[in-house]
Amino acid sequence: MRPLSRIETPNHHRQRPVYRSLSPAKWLGLALPLILLLGGCATTKLPETNAPRTTAAQEADYFQVRIHTQDGKKLAATVYQPELQAGQSAPLIIATHGFGGFRAKRPMSIYGKAMLTGEAAIAAWKAGYWVVFYDQRGWGQSQGHVHMMDPDYEVADLSKVIDWSLAHLPGISRLDDGSPAIGMIGESYGAGLQSLASFTEPRLKALVPLAGWHDLNSIAPNGEFRTAWGTVLLGAGGISSGFDVGAMFASPWNSAFDGTISSEMSQLMYERSPASFCDKGMAPQSDALFIQGFTDTLFSFQEAEKNYDCWRNAGRDARIIGLQSGHAMPWPIQKMRGGLPFFHTDDTVHCGDYEASTVDTIVSWWDEKLRGQESLVPQYCVNITEDRGLAIEEQLPPANQFSLPREKVTVPLAGAFEWLMVPFDTGSDMFRAIWPGADLRELKTNGGFGRPKFIPLYIARGDDELLLGKPRIDLRVAGSSSGESMPMFVGIGVQHANRRRVRVASEQLTPLTEKGIHRQELAAVSQPLKPGDRVGVVVYGFTAQFPLNSAFLARNASIKGDVWLPLTREEDVALRPERPF
């Protein structure tokens, strides 16, 4: 068979791929023309082939195709064809997008320049990989309805994409056992897809799930739906799907609209999660590099860690990279970090002696797994900040127990006006910085009415101290309401030396919905400390992360119990040169 070429695809985009870089600020200027061009490229029809190697030289190129699903729908995809000489082959990468997203239709595109999935896919193509980047059903230019990650639809579609790729793309590499060399990447919704498919699709060999889930119930901790994210997902999903998101309004998904999910929705989300397969003792059939953010307020770092444990227990090669970012609400709900408004990933992986761009780390993972090259990607990495990180042991360090005295909180007013206090805090901090001995202030609680309640438990003394790991609580919640409902939101607070504002560590808050005893693990945190920083528990009665989940009548509440803070020092958790990863 002759190679794919411009002669065989007369209608597709004629320009050679653009290899120059684009600064993050410029992608906004591309948005409008790219949107206008969405329908501007014709679809290429390819003959069938099962040639494991090319029969003639082919140029690097890209073109649009349609892939038929098992139920007769058509998925829109972009094929990135690598430059190959006659007789050569290349591994295949399948790429797809998150909820409400769309494919990188060309190298110079929003997804290709501003999303890690697109950046890594384009980098793999430039490194000589086949790449098939497709719109999942219901999104972008693909037909069908969104089925919310139904194994009979979205997961089955992925197998059809693989079938089509093997049947139409010449020169897809084979591994030593004769199976095709296929990797995959996708963020969020696309991460969940590949993790689920790993249990039923043996042709996938090297996954890169970005900011995915182990149990989809992570979006509703303690049954409380993350209503701020619900608004974003509904809006983004509506735009990308042409406002065809009827599944979100159907039972049981519509139970989330009042802020509390039903037991039917919880069970359905569990069934569409790797957790359900792992709990049944089923084994994933691919290796995986899990990448998750500590400040991800949709899927916490533990989601990747639990998948990592499942994969390792099944004898698969799994590695994990903890970044600082991921799913993030825009400022002022969360810290402004750049990138796209609702999703951002660190540019660099810092892991002890290992340091490389996140894109290069992903391509190195595929090179190892699909090309048999040297293993370069560390086992377990954690970015403490976006500028430095650690290579650590195979699990996060344990936490230290502290006793929490009985403290009162007014809900929902505690923290409700925190955003109004930013200019006042900034001004007072300028004066506080000149006070002698400011770092030695006593541990003293504050807030609980207009401001969040902060109960400090520890003062940092050294420059190498960290909050790194999984906090735990054993708290009794009581209050003045006649019923059992007493919603509040707890996290680990850090009050930096010489600063008035109490920051929530890794921006993670967990809802406690009722009176009674709450024993549970909180979202993992990763944050450096400086001498004089105070660490403790912070309690909100209202937070913009859960705007519809708060109480609407003022009432008095109290909490008391024990808290485990993951305090450690870098030298206690970092792998040393004599103990390489």
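Predicted, not measured: the structure shown is a model, and the values here were computed from it.
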[X] versus [Y]: any side-chain heavy-atom pair under 4.5 Å?
{"X": "Arg226", "Y": "Leu298", "answer": "yes"}
{"X": "Leu158", "Y": "Met184", "answer": "yes"}
{"X": "Leu396", "Y": "Tyr380", "answer": "yes"}
{"X": "Gln70", "Y": "Lys160", "answer": "yes"}
{"X": "Ile94", "Y": "Gln194", "answer": "no"}
{"X": "Arg53", "Y": "Gln88", "answer": "no"}
{"X": "Val525", "Y": "Pro471", "answer": "yes"}
{"X": "Pro511", "Y": "Pro221", "answer": "yes"}

Contact summary for [X] and [Y], nearest pair of heavy atoms:
{"X": "Thr295", "Y": "Ser325", "result": "OG1-CA, 3.4 Å"}
{"X": "Ala318", "Y": "Trp311", "result": "CB-CB, 3.6 Å"}
{"X": "Gln285", "Y": "Glu201", "result": "NE2-N, 4.2 Å"}
{"X": "Ser188", "Y": "Phe299", "result": "OG-CE1, 4.0 Å"}
{"X": "Leu84", "Y": "Ser89", "result": "CD2-O, 4.0 Å"}
{"X": "Leu196", "Y": "Ser273", "result": "CD2-C, 3.5 Å"}

Can Thr358 and Thr345 be said to form a side chain to side chain contact (heavy atoms under 4.5 Å, CB included), step by step? CA-CA 9 Å; Thr358 311; Thr345 46; 5.7 Å; no

Might you work through the side chain to side chain contact (heavy atoms under 4.5 Å, CB included) test for Leu207 and Asp287, ending with a clear yes or no? CA-CA 6 Å; Leu207 309 183; Asp287 298 335; over 6 Å; no

What I want to find out is whether [X] reaches [Y] closely enough, with some N-O distance under 4.0 Å, to be called a salt bridge.
{"X": "Lys530", "Y": "Asp464", "answer": "no"}
{"X": "Asp474", "Y": "Arg472", "answer": "no"}
{"X": "Asp150", "Y": "Arg272", "answer": "yes"}
{"X": "Glu305", "Y": "Lys470", "answer": "yes"}
{"X": "Asp317", "Y": "Lys369", "answer": "yes"}
{"X": "Asp163", "Y": "Arg203", "answer": "yes"}

Ring centroids only, cut at 6.0 angstrom: are [X] and [Y] within range, meaning strictly under it?
{"X": "Phe489", "Y": "Tyr540", "value": "no"}
{"X": "Tyr189", "Y": "His97", "value": "no"}
{"X": "Tyr80", "Y": "Phe133", "value": "no"}
{"X": "Phe277", "Y": "Phe199", "value": "yes"}

Taking the side chain from Gln508 and the backbone from Asp296, do they hold a donor-acceptor pair closer than 3.5 Å?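 Pair found, side chain donor or acceptor close to backbone of Asp296.
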
We want to know whether [X] and [Y] form a side-chain donor-acceptor pair, criterion being a heavy-atom distance below 3.5 angstrom.
{"X": "Thr513", "Y": "Asn222", "value": "no"}
{"X": "Glu224", "Y": "Asn549", "value": "yes"}
{"X": "Thr348", "Y": "Ser357", "value": "no"}
{"X": "Glu368", "Y": "Ser375", "value": "yes"}
{"X": "Asp157", "Y": "Tyr134", "value": "no"}

Using the rule given for side chain to side chain donor-acceptor pair (under 3.5 Å), can you reason through Ser165 versus Trp130, listing the C-alpha separation, both sets of side-chain angles and the distance that settles it, and then say yes or no? CA-CA 9 Å; Ser165 300; Trp130 283 101; over 6 Å; no

Counting only heavy atoms not in Arg503 (residues, nucleotides, ligands), do more than 12 fall under 6.0 Å from its CZ?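 It does not: Arg503 CZ has 12 such atoms or fewer within range.
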
So for atom CD, which belongs to Glu271, do other residues, nucleotides or ligands contribute more than 12 heavy atoms lying within a distance under 6.0 Å?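 More than 12 within 6.0 Å, yes.
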
Gap between atom [atom2] of [Y] and atom [atom1] of [X] - 0.5 Å precision:
{"X": "Ile517", "Y": "Arg476", "atom1": "CD1", "atom2": "CZ", "result": "4.0 Å"}
{"X": "Leu468", "Y": "Ile392", "atom1": "CG", "atom2": "CD1", "result": "5.5 Å"}
{"X": "Met115", "Y": "Phe102", "atom1": "CE", "atom2": "CZ", "result": "8.5 Å"}

Please verify the inter-ring angle class for Phe301 with Phe294; under 30° counts as parallel, over 60° as perpendicular, anything in between as tilted.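 The arrangement is parallel - the two ring planes meet at less than 30°.
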
Quick one: sort the His145 and His147 rings into parallel, tilted or perpendicular, breaks at 30° and 60°.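 Answer is perpendicular, since the angle exceeds 60°.
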
Tell me, please, whether Tyr308 has Arg316 positioned over its six-membered ring: NZ or CZ under 6.0 Å from the ring centre and within 45 degrees of its axis?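 Output no; distance or angle outside limits.
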
Please step through side chain to side chain contact (heavy atoms under 4.5 Å, CB included) for the pair Ile362 and Trp365, ending with a clear verdict. CA-CA 5 Å; Ile362 292 170; Trp365 165 255; 5.6 Å; no

Determine, step by step, whether Glu521 and Gln302 satisfy the side chain to side chain donor-acceptor pair (under 3.5 Å) criterion, reporting the C-alpha distance in whole Å, the side-chain angles of both residues, the deciding distance to 0.1 Å, and the verdict. CA-CA 10 Å; Glu521 186 176 273; Gln302 280 100 318; 3.1 Å; yes

Derivation and outcome, side chain to side chain donor-acceptor pair (under 3.5 Å), residues His214 and Asn307: CA-CA 6 Å; His214 176 71; Asn307 280 335; 2.8 Å; yes

Does the pair Thr78 and Arg103 meet the rule for a side chain to side chain donor-acceptor pair (under 3.5 Å), with working shown? CA-CA 8 Å; Thr78 300; Arg103 73 191 191 277; 2.9 Å; yes

Residue list, side-chain contact (heavy atoms from CB on, under 4.5 Å) with Pro528, at least two apart or on another chain: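 Once residues adjacent in sequence are excluded, the partners of Pro528 under the side-chain contact (heavy atoms from CB on, under 4.5 Å) criterion are Ile384, Thr385, Arg388, Leu466.
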
Check Gln527, Gln545, Gln334 against Glu507 for a side-chain hydrogen bond (donor to acceptor under 3.5 Å, both in side chains) and give me the one that passes.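 Among Gln527, Gln545, Gln334, the one meeting side-chain hydrogen bond (donor to acceptor under 3.5 Å, both in side chains) with Glu507 is Gln334.
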
Apply the test side chain to side chain contact (heavy atoms under 4.5 Å, CB included) to residues Val208 and Leu210: give CA-CA distance (whole Å), side-chain angles for both, the deciding distance (0.1 Å), then the verdict. CA-CA 6 Å; Val208 185; Leu210 307 172; 3.8 Å; yes

